[in-house]
Amino acid sequence: MSALDEVDLHLVEGVGDVLNFEDWLQRGPMRHGLMAIDTETTGLSRRTDHVRLLQMGDGTDGWAMAWDRWSGLLVDVLTRFNGTILMHNAPFDQPMIAKMGVEIETSRIQDVLPLVKMLEPHLPAKLKKAAARHVDPQAGSAQKELDAAIAKLGWAGVPIEFEPYWMYGALDPVLTFLLRQALQEHVREDEAFQHGYDVENSVQWILSRMTDKGIPVDVEYAREQREKITRYSATAYDWCVKEYGVKPGSNAAVVERLMRDGWEFAKRTETGAWALDKEVLEEIDHPLAQTVLRRRQLDKIGSTYLDHYIDHNREGRVHPSINPMGARTSRMSVSSPNFQNLPRVSEDNPAATIVRNCVVAGQGKVLLFCDFSQIETRLLAHLSQDPGLIGAFHLDEDFFVTLARQVFKDPTINKKDQRRNAIKTWVYAKIYGAGLEKLAKTLGMSTAEMRQFDDSITAAYPGIRSFQLQIQTLAIRRAREEGVPYVVCPMSGRRHVADRGKEYALVNYLIQGLAAFFFKKKLLELDAAGLGEYMILPVHDEIILEVPVEQAQWAVQILIDVMNDADTFRVPVAAEVSYGYRWGEKKDWSTWSD
DNA sequence: ATGAGTGGCCAC
DNA sequence: AAACGTGGCCACTCAT
C-alpha cells in the first residue's frame, strides 16, 4: 500500500472547511507542537512576488488556503501556533510569509532541505524527489498535469481551484512532514549530526541577511570601466575580421587561421579539438593570438562582473544569492554574480583590480576581511593525526619551511627554497587527491623522481598515507555492505558520498567539508558576538564585513577573538585580519590608524 | 528563440 | 593500481 493513500488533502473554501481545519489544528499541531508549512507564490522573486496559497499539514492531512481570501485566519493561526514549524527551503518561504505580515521566528523553523543534503549529498534534494525516495514513490507523479497547466497559463494564471494546483500544494507540507520523520529515524541518537543540523539550519538566516544587505558597489566607476571594455572589444572584433577574416570568439576559426600562418598546435581539448586556451595563446607570438586573448579576458570581466554591478543593483548595492550548501561538500556557493571568484589582484592582471575596486565601502564605513590561514592543511594534520604535521603547526615558523627542513634534513632551508615550494605543492596535491603522474607533471619531475620524493615525505609523515588508506577502505566496505561509498564528518555528522571508483576523493570531501562546517560555526559565533549586521559576504574561508569606521577597532577585536581558535582541533586555527575602503586595496590590519 | 553541450577561466 | 577537489558562468556552436 502506498504511504500517501491515507492522507487527506483539503482546499478550504467555506465555513465548514474552516471548522474542520480548526479541529485538525487542535488535534494535531497544537497538541504535538509540530506542523509543516509551505507556500505557492506568484513567482520566485522575493522582492516583487507574493504568497498566493499557504499550505499547512502533518502526517495525515494537508490544507491549502488562498491567502487573499483567508488572510485573517492565516495570520491568526500563524500567530497562535508557537510550536516547531517544518519547511523545505525555509529561506524562501519565511521571507515571503513575512512580507504578508507574519514574521515567523527563525528559531522555531526546522528546514528539511539541509537534512536531506547532509544525509544524501549525492542525490536530488528537491522535496518531491527526496519524498519519492523516503515517503512514497508516487510523491511527484502527477506533476506533469500541473506543469502543463503552468506552461499554458503561467504560475500566477493557474486558478487556485484547479485541482492539481491546490492538491499538490496541499501535499507539500505533508511530504515535508513525512520526509523529516523518515530521515530523523536515521539520526535521532546521533549527537554530532544533531549539532551539524543545528548549525546548517541556523546559519542560513545569517547568509540570507547577507543577501538582503548586499555588496556596496561604485556604480559610476563600474559603468565607466564597462564602457571602455565594450569599446575595446568592438574595435578588436572589427580588426580581427578585417585583417584576418576571423571572428575572435570562434576558437576553431582562429586556430585554422593561425595554422595557415604556420603555427603548430599540440594541446587538445577533451573532445579532441585543438585547444586555444590562455596557456596556448600566451605562447603564440602573433597579433591575432594576442588580440584574441586580451579581448577574451576583458569581455569576461565586463559581462561576468561589471554588468552585474551596473544592471542588477538597487541603491548602489548588488544582492548576490548565497546557497548555504551549494557544493556536495556543503561548502557555500554564491551567484549573480559569483563574488567568490573575482579575479585576484596581481601585477599582470590590471583588470582584476578594476573588478575588485568596484566594491567600495559606503560613506563613513570600511571593509574588513578576516580569513583563516592554511585551514585545509591544518585540517589534514588534525584528521590524519600525524604527529609530525601536528608538531609543525605548533612551531612559530613557516609550516612548509619546517616540513622541508625535516624532510631534507637541512636546517638552512628558507621560504624561497625550491624544496619548500615542492613540499607545499605536494601537500596540496594530497589534499586534492592528485596522483603521482599529475603531481610529477605539476612539479616538472619525472615519475621516478616523483616516486622518490613522495616516499621521502611519506616516511616523515606516515599519517597522511594511512589516513587516505583508512578512508578508502572504509568507503569501499560501506559500498559493499550498504550500497553507498560514504564517510561521516566527525564534527557535523554529515555524510560525504563518493562517486563509484573515486573513493580517493573522500579525503578531499572530508577536509573541504570540515573546513566549510567549521567556518559556518564561526559565522554563528560572530553573529552572536554582535557582528551579524555587518557581515556581507563569505568566501570559503574568509568573511567580509562592512563596518562604520568608529566601530572597526571593536569589530576587529571580535574577529580576532572568535576566528583564532586553539581548542577545537589538534592544531591551532589562525586567522588574519585586513581592511580597505575598496576590495582591491586590501591592507594588513597592523597598518590601520584612525 | 531556446536549450544542451563544449571550451574556457575565475576563485578557494 | 590509480584517481588533483569544490563551485559559477560566460561565449560559442549546433540542435530543435
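Convention: sequence-line order gives letters A, B, ...; per-chain numbering from 1. The analysis underlying the following values was restricted to heavy atoms, covering all of them including side chains, and did not include hydrogens, waters or symmetry mates. Given the structure is predicted, the values throughout are model-derived calculations rather than measurements.
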statement: Of the candidates dC9(C), dT6(C), dG8(B), the side chain of T329(A) sits closest to dT6(C)
Any H308(A) side-chain N or O less than 4.0 Å from OP1/OP2 of dC10(C): yes
field: Nucleotide of dG8(C), dT6(C), dC12(B) approaching Y509(A) most closely (side-chain heavy atoms)
entry: dT6(C)
field: Sequence-distant partners of R378(A), salt bridge (Lys or Arg N to Asp or Glu O under 4.0 Å), two or more places apart
entry: none
statement: Among dG5(C), dG7(C), dC12(B), the one nearest any side-chain atom of D541(A) is dC12(B)
message: Quick check on dC9(C): is either OP1 or OP2 less than 4.0 Å from any side-chain nitrogen or oxygen of S336(A)?
response: yes
I'd like a list of close polar pairs between nucleotides 2-4 of chain C and the protein, N/O only, cut-off under 3.5 Å.
none

message: Taking dC12(B) as the reference, what is the distance to dC4(C) when you measure between their P atoms (whole Å, please)?
response: 22 Å
query: Is any side-chain heavy atom of K430(A) less than 4.5 Å from a side-chain heavy atom of V427(A)?
result: no
message: Quick check on dT6(C): is either OP1 or OP2 less than 4.0 Å from any side-chain nitrogen or oxygen of R328(A)?
response: yes
message: Tell me whether the side-chain N/O atoms of R344(A) come closer than 4.0 Å to OP1 or OP2 in dC12(B).
response: yes
field: Euclidean distance, atom CG of residue L293(A) to atom P of dC10(C) [Å, nearest integer]
entry: 20 Å
field: OP1 or OP2 of dG8(C) under 4.0 Å from side-chain N/O of S333(A)
entry: yes
- request: Measure from CG on N508(A) to C1' on dG7(C) and round the result to the nearest Å.
  value: 12 Å
message: Contact between P320(A) and N338(A) at the side-chain level, heavy atoms closer than 4.5 Å - yes or no?
response: no
field: Phosphate-side-chain proximity, N251(A) and dG8(B), N/O vs OP1/OP2 below 4.0 Å
entry: yes
- request: Mind listing the residues from residues 228-238 of chain A sitting with a heavy atom below 4.0 Å of DNA chain C? Number order is fine.
  value: none
task: Just say parallel, tilted or perpendicular for the rings of Y197(A) and F193(A), cut-offs at 30° and 60°.
output: parallel
message: For Y244(A) and H286(A), take the angle between the two ring planes, folded into 0 to 90°, and tell me which bin it lands in: parallel under 30, tilted 30 to 60, perpendicular over 60.
response: tilted
N/O (side chain, R296(A)) to phosphate O (OP1/OP2, dG8(B)) under 4.0 Å: no
query: Which class fits the ring pair Y579(A) and W589(A): parallel under 30°, tilted 30 to 60°, perpendicular over 60°?
result: perpendicular
message: On the nucleotide dA11(C), are OP1 or OP2 found under 4.0 Å from the side-chain N or O atoms that S250(A) carries?
response: no
